[in-house]
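Chain letters run A, B, ... following the sequence lines, proteins first and then strands; every chain starts at 1.
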Amino acid sequence: MTKEYSNLEKIRLEKVEQLREQGIDPYPAQSERSHTSQEAIAAFEGVESKEGEEVSATLVGRVRSLRAMGKITFAHIEDGSGRVQIFLRANDIGGEQVEFFNKYFDLGDFIQASGEMFRTRTGEVTLRVKEFHMLAKSITPLPAAKDEVVDGEVVQHATLAEPEVRYRQRYADLAVNSDVRQIFRKRAAIIRSLRDFLDGQGFLEVETPILQPIYGGAAARPFVTYHNQLKQDLYLRISFELYLKRLLVGDIERVYEIGRDFRNEGVDRTHNPEFTMLEFYMAYADYQQVMELTEEMVVYVADQVAGSREISYQGQVINLEPPWSRMKLSDGLAELVGIDIEEHATAESLAQAMRAKDLEPEPEATRGKLIDSLIGNFLEPNLLQPTFLYDYPRDISPLTKSRPEDASTVERFEAFMAGMEICNAFSELNDPLDQEARFQEMGRDYASDDEERHPMDEDYLRAMRYGMPPNGGFGMGVDRLTMLFTDTPNIREVILFPHLRERE
RNA sequence: GGGCGCGUAGCUCAAUGGUAGAGCAGUGGCCUUUUAAGCCAUUGGUUGCAGGUUCGAGCCCUGCCGCGCUCACCA
């Protein structure tokens, strides 16, 4: 397939040809810079008041605006540090050079320009260009029409808005929307601060297999692939849990991993087929201690990246200051749904109570799955301020320690804020006999073709039989945390290349 | 997967079923301190794709493709 060039592209291709005919390489390998644009501005402002001092600079960047006015031309170029105005004048470089610039430079081209910094009559620190050359010619016009600078802020007019194009052509989105670049800088800062925090707490960062012969650690459908030489199916991990806990058996007391999980499930505003997870496991801690560490960690991130413990998310102010609310799951459901799950020990009984409230329980669901649906439908959307919901039903928590005083519930919590689930944590089950029984229970409760069923992991049981210290574990969706801190309503805004259906 | 909505020039958007348009970008001019520069002129379209209804379809109908919102499943 050959590309059909648009009329605008054809004109620029012609310019490329003409440059080559003049012996000018439109894509040279060498470039130089003495200052970033902001460094050059700062350097000039530093010496501006001093007599006879000049700032010479060689700047590089992308041409973002062009104002040709006969014998002079103004333009803005943008580099990683920001924008700076450049000024070409026939008096300085001759009329032919100005004409050359006007003829061959388009919006989006990369340029290198050298000269002295000065301040224009209207007060903008600007590079008076002595020399310039093309660093890379842009063929396809960037989809930005016009920018305006108001009080140092770039205001964009009629900029790329179509979400489909923004996600499919993220490069154009980033090139044109500086606020999008800002989101991904913040994302990196969030991940860096999570690492800082955990490293500071004595956790060891590890990497465990993404291709797993047996998937586990969560209830989700996996992606399946095949290894040719081993002649076996492998699954892309749906969680890191079972591998990280094997490391506790290996006497690593505190361990974490930040990486990608893959779940073959629906795609929507808060779900991407691959997403970034943080899991940590902490020997000699239980879920109550993990709760406290969770608060500390999120507040640490807030201090580092937001500079405030109050953040604004989609018009809501969220106060991250510990301690967060703690709500026992059964109390929460009693209050918000009016059903006391402790009075309904079986799925049948609970389903009946739901029907009495005009709810439609899913027919084959277990008691735990019914409770889970009540959480998702009634609690989650209402939990705007940070809240720990704790003590979950046993049958949807097959890796979690039961509560000593009530074997039907387990020591597990999830944290919610802004109507979103942020993390999931528990006192990890370390009794190999109980664990084996749970795997068998799962086998009974789920149909044999239900891919969400936890497969029996014999090696994991063997590890546990060697002895696993009591420990608290934690998992958090990093993308969702990033959504909170960047005030974005869609997970695709915080993933550089989100999955869309393939086109053509 | 279901429901609702959207898809028009490079970008942002118009267009009662009746000649597909504007601003910006582009092209050609004028212009030596502009900054959404200005002024004059001007190019640019298989209206997502394929059918149908109609004298006539961007608009109405059907199917398909893609995206968004939403419900279901999930983190």
Anything under 3.5 Å between a protein N or O and an N or O of nucleotides 38-45 of chain B, put it in a table, one pair a line.
none

Between [options], which nucleotide gets closest to the side-chain atoms of [X]?
X        : options             : answer
A/Asp268 : B/U32, B/A72, B/U27 : B/A72
A/Pro163 : B/U35, B/A25, B/C67 : B/C67
A/Arg168 : B/C69, B/U35, B/C67 : B/C67
A/Leu160 : B/U33, B/U12, B/U35 : B/U12
A/Arg269 : B/C73, B/C67, B/C69 : B/C69
A/Glu362 : B/U27, B/U35, B/C73 : B/C73
A/Glu164 : B/A75, B/G66, B/U33 : B/G66

Let me know, please, whether A/Val165 or A/Arg119 comes out on the 5' side of the other along RNA chain B by nearest nucleotide.
A/Val165
Heavy atoms only, 4.0 Å cut-off, all strands: where does [X] land among base, sugar-phosphate and nothing?
X        : result
A/Thr270 : base
A/Gly266 : base
A/Asn272 : base
A/Phe262 : nothing
A/Ile422 : nothing
A/Asn91  : base

Which residues pass the salt bridge (Lys or Arg N to Asp or Glu O under 4.0 Å) test with A/Arg89, sequence neighbours left out?
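Residues passing salt bridge (Lys or Arg N to Asp or Glu O under 4.0 Å) with A/Arg89: A/Asp92.
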In whole angstrom, give the distance that lies between atom CZ of A/Arg12 and atom C1' of B/G10.
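These atoms are roughly 9 Å apart.
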note: A/Arg501, atom CZ; B/C64, atom P; distance rounded to Å ~ 13 Å
Scan the side chains in residues 374-384 of chain A for donor-acceptor partners under 3.5 Å anywhere in the protein, sequence neighbours excluded, and list what turns up.
residue	atom	partner	partner atom	Å
A/Asn377	ND2	A/Ser373	O	3.1
A/Glu380	OE2	A/Glu421	N	3.1
A/Asn382	ND2	A/Phe378	O	2.6

According to side-chain hydrogen bond (donor to acceptor under 3.5 Å, both in side chains), does anything in residues 109-119 of chain A pair up with another residue at least two apart or in another chain? List the pairs.
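Passing the test, one end in residues 109-119 of chain A: A/Glu48-A/Arg119, A/Ser56-A/Glu116, A/Thr58-A/Ser114, A/Asp109-A/Lys137, A/Glu116-A/Lys130.
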Plane angle bin for A/Phe132 and A/Phe100 - parallel if under 30°, tilted between 30 and 60°, otherwise perpendicular
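Taking A/Phe132 first and then A/Phe100, their aromatic rings sit tilted (interplane angle of 30° to 60°).
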With a 3.5 Å cut-off and heavy atoms only, can you find an N or O donor on one side and an acceptor on the other between the side chain of [X] and the base of [N]?
X        : N     : result
A/Glu124 : B/U33 : no
A/Thr120 : B/U34 : yes
A/Arg121 : B/U33 : no

Give the C-alpha distance, both sets of side-chain angles, the deciding distance and a yes or no for side chain to side chain donor-acceptor pair (under 3.5 Å) between A/Asp391 and A/Tyr287.
CA-CA 10 Å; A/Asp391 291 353; A/Tyr287 74 143; 2.7 Å; yes
Between B/A57 and B/A50, how many Å separate the two P atoms, rounded to a whole number?
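Going atom to atom, P in each nucleotide, I get 15 Å.
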Check whether A/Arg83 reaches the backbone of A/Ser37 with its side chain - one donor and one acceptor, N or O, closer than 3.5 Å.
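No: the side chain of A/Arg83 does not pair with the backbone of A/Ser37.
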Where along residues 380-389 of chain A does a heavy atom come under 4.0 Å from RNA chain B, residue by residue in number order?
none
Mind checking side-chain hydrogen bond (donor to acceptor under 3.5 Å, both in side chains) for A/Ser427 and listing every partner two or more places apart, or none if nothing turns up?
A/Glu411
Matching residue for A/Phe413 among A/Tyr392, A/Phe426, A/Phe388, A/Tyr390 - test: ring-ring contact (aromatic ring centres under 6.0 Å, His included)
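Testing each of A/Tyr392, A/Phe426, A/Phe388, A/Tyr390 against A/Phe413, the sole residue satisfying ring-ring contact (aromatic ring centres under 6.0 Å, His included) is A/Phe388.
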List the steps and the verdict of ring-ring contact (aromatic ring centres under 6.0 Å, His included) for A/Tyr256 and A/Phe280.
CA-CA 4 Å; A/Tyr256 77 97; A/Phe280 70 69; 8.3 Å; no
Before we go on, tell me: are the rings of A/Phe87 and A/Phe118 under 6.0 Å apart, centre to centre?
yes
Using the six-membered ring for Trp and the full ring for Phe, Tyr or His, decide whether A/Phe74 stacks on the six-membered base ring of B/A37 (centres under 5.5 Å, planes under 30°).
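By the stated criterion, A/Phe74 and B/A37 do not stack.
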